[in-house]
Amino acid sequence: MSKLSDDTILKVENLAIHYPVGGGFLSKPRRHLHAVDGVDLELKRGECLGLVGESGCGKSTLALSILGLQQPTRGQVIVDGHEVGDGLDRMARARITQMVFQDPYSSLNPRQTVRKTLEMPLRVHGIRSAGEIGDRIGEMLKRVGLRPEAAERYPHEFSGGQRQRIGIARALILEPKIVILDEPVSALDVSIRAQIINLLLELKETLGLSYIMISHDLGVVEHMSDRVAVMYLGRIVETGSWETIFSNPGHPYTRALIAAIPDPFKRASGTKITGEIPNPLDPPTGCGFHPRCPEMRDICRTPPTPELDEVETGHFIRCRRVGELFTPRQISEQPQGHSSNGPHPDSFRPRLPIG
Ligand SMILES: Nc1ncnc2c1ncn2[C@@H]1O[C@H](COP(=O)(O)OP(=O)(O)OP(=O)(O)O)[C@@H](O)[C@H]1O
Ligand SMILES: [Mg+2]
């Protein structure tokens with residue numbers, strides 16, 4: 001029996017991943033690094049959820065556990081009605097969830113032709129007919145904008161953008177339902193980024209995919225996401241629809257990330273933050289963001305960690321001062337939320353430079 005409503009393809013419930021560190025001979029006692037610390041997420045079919053936060057906040061760790069490659073310390077992940085790690089083995093998982101990595105060069109085997117790279121998952125999953133394998137590879141290369149001859153070439157013979165197209169083909173060859181895109185354009189030349197983003201959007205529509213798009217840069221997820229979740233020190237600090245996050249963000253961290261987007265289309269103001277994300281082995285008391293927060297007051301230092309409050313329908317903020325800092329918009333002012341399966345209101349978005 002399905003554990004999810006029909007339109008929910010992925011649910012993450014109270015997920016925590018704590019890495020044991022230290023504890024070797026003559027070293028400090030073993031401690032636990034809270035890489036992910038109580039995350040709840042939901043992904044609707046056909047939706048793109050942008051997951052944003054600075055380096056080290058736990059984005060990739062969360063992704064690995066959705067893929068079933070990292071055992072949770074607590075909580076659970078349910079994909080397409082099955083609990084990951086319980087009712088769902090590795091093979092079944094690979095047919096539902098796949099990942100596109102940041103660096104297409106290091107994620108591809110330099111000694112394998114593209115054909116070999118794309119063929120292997122098919123063979124592992126029991127597709128043995130040479131004809132079918134050839135057809136599937138040919139069709140996939142076409143979908144990602146590569147010529148059929150690309151199949152016989154090696155990764156080093158391609159440009160960065162082309163290599164990422166191969167990475168996308170590899171992720172899609174088993175026809176998954178969910179694709180996790182972990183910084184899929186950050187390693188690419190700025191002029192190529194828009195092409196890859198547009199390709200990803202097109203594939204999402206034609207193949208009916210659901211995406212989790214991970215980035216440290218809100219500007220990148222802005223072009224793709226229906227909803228956005230902002231992460232800091234292993235926790236979601238704000239989540240809401242794309243329109244809400246960009247037009248009426250409430251958490252000072254989200255505002256700072258928006259202020260850091262290098263484009264002239266910013267729709268919300270905020271103070272850029274400086275300094276590093278704190279050491280997760282020694283997190284600040286109270287609100288984890290307080291040492292860097294421009295709105296910090298004494299109350300923000302006091303335990304416990306603030307809760308994620310629903311400040312308006314579907315918009316959650318984790319901030320002690322949310323009552324003072326955030327004003328919900330009047331209902332009549334709220335833009336029409338686009339449904340998770342509906343088209344993006346691209347007319348409201350900054351235009352993508354076409355490289
Ligand atoms: N295998 C591991 N053992 C111990 N600590 C780890 C391990 N993997 C990640 N970490 C730590 O967990 C925290 C979260 O790491 P993670 O890679 O998930 O962050 P991230 O948000 O993906 O960062 P980036 O943007 O740099 O990719 C970091 O403090 C990292 O050092
Ligand atoms: Mg990462």
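Read the numbers this way: they start at 1 and go in the same order the structure lists the ligands and their atoms.
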Colleague: I'd like to know whether CD of Glu149 has more than 12 heavy-atom contacts from other residues, nucleotides or ligands below 6.0 angstrom.
Modeller: yes
Colleague: May I ask you to check whether Ser55 has an N/O atom sitting below 3.5 Å from an N/O atom of ligand 1?
Modeller: yes
Colleague: Write out the residue and atom name of the closest protein heavy atom to atom 14 (C) of ligand 1, then the distance separating them to 0.1 Å.
Modeller: Gly56 O, 3.4 Å
Colleague: Answer yes or no: are there more than 12 heavy-atom neighbours, outside Met120 itself, under 6.0 Å from its atom CE?
Modeller: no
Colleague: Mind checking whether Phe326 and His315 have ring centres under 6.0 Å apart?
Modeller: yes
Colleague: State whether Thr61 contributes an N/O/S atom found under 2.8 Å from the Mg ion (ligand 2).
Modeller: no
Colleague: Nearest protein heavy atom to atom 17 (O) of ligand 1, by residue and atom, and its distance?
Modeller: Ser60 CB, 3.9 Å
Colleague: To which protein heavy atom is atom 8 (N) of ligand 1 closest, and what is the distance rounded to 0.1 Å?
Modeller: Tyr19 CE1, 3.4 Å
Colleague: Please determine if Leu33 has a nitrogen or oxygen closer than 3.5 Å to a nitrogen or oxygen of ligand 1.
Modeller: no
Colleague: Which of the listed options, His32, His216, Lys59, holds the heavy atom that is closest to atom 25 (O) of ligand 1?
Modeller: Lys59
Colleague: Does atom 30 (C) of ligand 1 have any protein heavy atom closer than 4.0 Å?
Modeller: no
Colleague: Should one rank Val52, Thr61, Leu51 by closest heavy-atom distance to atom 15 (O) of ligand 1, which comes out on top?
Modeller: Thr61
Colleague: Per the side-chain contact (heavy atoms from CB on, under 4.5 Å) rule, which among Val36, Asp40, Val230, Leu51 passes with Ile236?
Modeller: Leu51
Colleague: So, do Arg31 and Tyr19 sit near enough that their side-chain heavy atoms are less than 4.5 Å apart?
Modeller: no
Colleague: Is it the case that more than 12 heavy atoms not belonging to Arg90 sit under 6.0 Å from its CZ atom?
Modeller: no
Colleague: Any side-chain donor paired with an acceptor under 3.5 Å for Glu183 and His216?
Modeller: yes
Colleague: May I ask whether Pro280 places a heavy atom under 4.0 Å from ligand 1?
Modeller: yes
